[in-house]
K.L.:
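Submitted below is the structure of interest, expressed as structure tokens.
Remember, it's 1-based here, ligands and their atoms both numbered in the order they're listed.
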Amino acid sequence: MKKPETFEVRLVSATMIAPMVRQLVFERVDGQPIGHEPGQWVNLALPLPEGERRRAYSIASAPDGSSRFEIAVTRVPCGTGSIYLHDLPEGSVLSAIGPHGLFTRASEDPSPSLFVGTGTGVTPLRAMMQAALTKGSGAPLWLLFGARFEEDILYRAEMEAFVRAHPHVRYEITLSRPGEGWKGKSGYVQAHVPALLRELEAAGAPVAPHVYVCGLERMVKAVRELCRRELGVDRKHVHTERYD
Ligand SMILES: Cc1cc2nc3c(=O)[nH]c(=O)nc-3n(C[C@H](O)[C@H](O)[C@H](O)COP(=O)(O)OP(=O)(O)OC[C@H]3O[C@@H](n4cnc5c(N)ncnc54)[C@H](O)[C@@H]3O)c2cc1C
């Protein structure tokens, strides 16, 4: 795993991918590759009115040897860092420190994986899926994504394309506040983990699945406890990253 370093990044492009989520594409100013493992994050040093503050963001894209990487930032009400990044003009340069983190999955890992993410918590899971699929992995890769409303669903077209191209990819969305026309799953992700995990165990047998969970603490804790205590998943097979 690469040692973290400090480097400058330039904002190349930015797009709103949901009403409260801005996707930002950065590139290292020195042209060096980021060299992260899928699932890792970077610290961005933000020059806020109260002084420089660091905020962590998961790298949403797989390592591809280039100097570019993506993040996706939820605009937190009254959150100085996330609002700064939502307003950051293209071309701006920031200081970054990283890559950091042990919430990783090797792209050639043959284990069946259940990815559970809510909101921008899906970003490191997306990087893991992109990396595994680019390497031609045949391991079952199942993503359970949770959001409030249909408009909050992130990377839907990309995930649906993965499903069409790869029979071992499964994509499930659950909405906690579905509209009347929604025909998919509803409720919190926790409600759907047991059934999906049992199916994945059967699909991936005899190799036991790993579970990767990312998002806000309440959800992460609930899924971790569920997996370890009620579903009997080996604690070494439950990997978590929390944002708060
Ligand atoms: C390892 C790691 C990776 C992270 N990756 C991401 C990422 O990819 N995308 C991202 O948007 N955030 C991510 N975060 C959270 C991010 O670092 C900031 O905490 C977040 O942007 C809020 O900062 P702020 O200055 O706007 O608000 P602050 O004033 O610092 O925080 C206000 C409150 O916002 C809440 N909060 C933090 N993150 C979120 C969120 N995503 N959605 C809703 N509420 C939140 C917390 O409860 C916090 O107490 C990550 C955090 C960690 C530790």
K.L.:
Give a yes or no on whether a salt bridge exists between E225 and R229, defined as a side-chain N under 4.0 angstrom from a carboxylate O.
P.N.:
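Looking at E225 and R229, the cut-off is met.
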K.L.:
Listing by chain and number, which residues have a heavy atom under 4.0 Å from ligand 1?
P.N.:
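Residues within 4.0 Å of ligand 1: W41, R55, A56, Y57, S58, A72, V73, T74, V76, G79, T80, G81, S82, T120, T123, L216, E241, R242, Y243, D244.
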K.L.:
Would R105 and S113 count as having a side-chain donor-acceptor pair, cut-off 3.5 Å?
P.N.:
yes
K.L.:
Do H239 and F103 have ring centroids that are under 6.0 Å from one another?
P.N.:
no
K.L.:
So does R218 have more than 12 non-hydrogen atoms from other groups sitting under 6.0 Å from CZ?
P.N.:
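Incorrect, the count does not exceed 12.
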K.L.:
Side chain to side chain contact (heavy atoms under 4.5 Å, CB included) with T118: which of D152, V189, V220, T174?
P.N.:
V189
K.L.:
Is any side-chain heavy atom of Y84 closer than 4.5 Å to one of R55?
P.N.:
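In short, these two side chains do not touch, never coming nearer than 4.5 Å.
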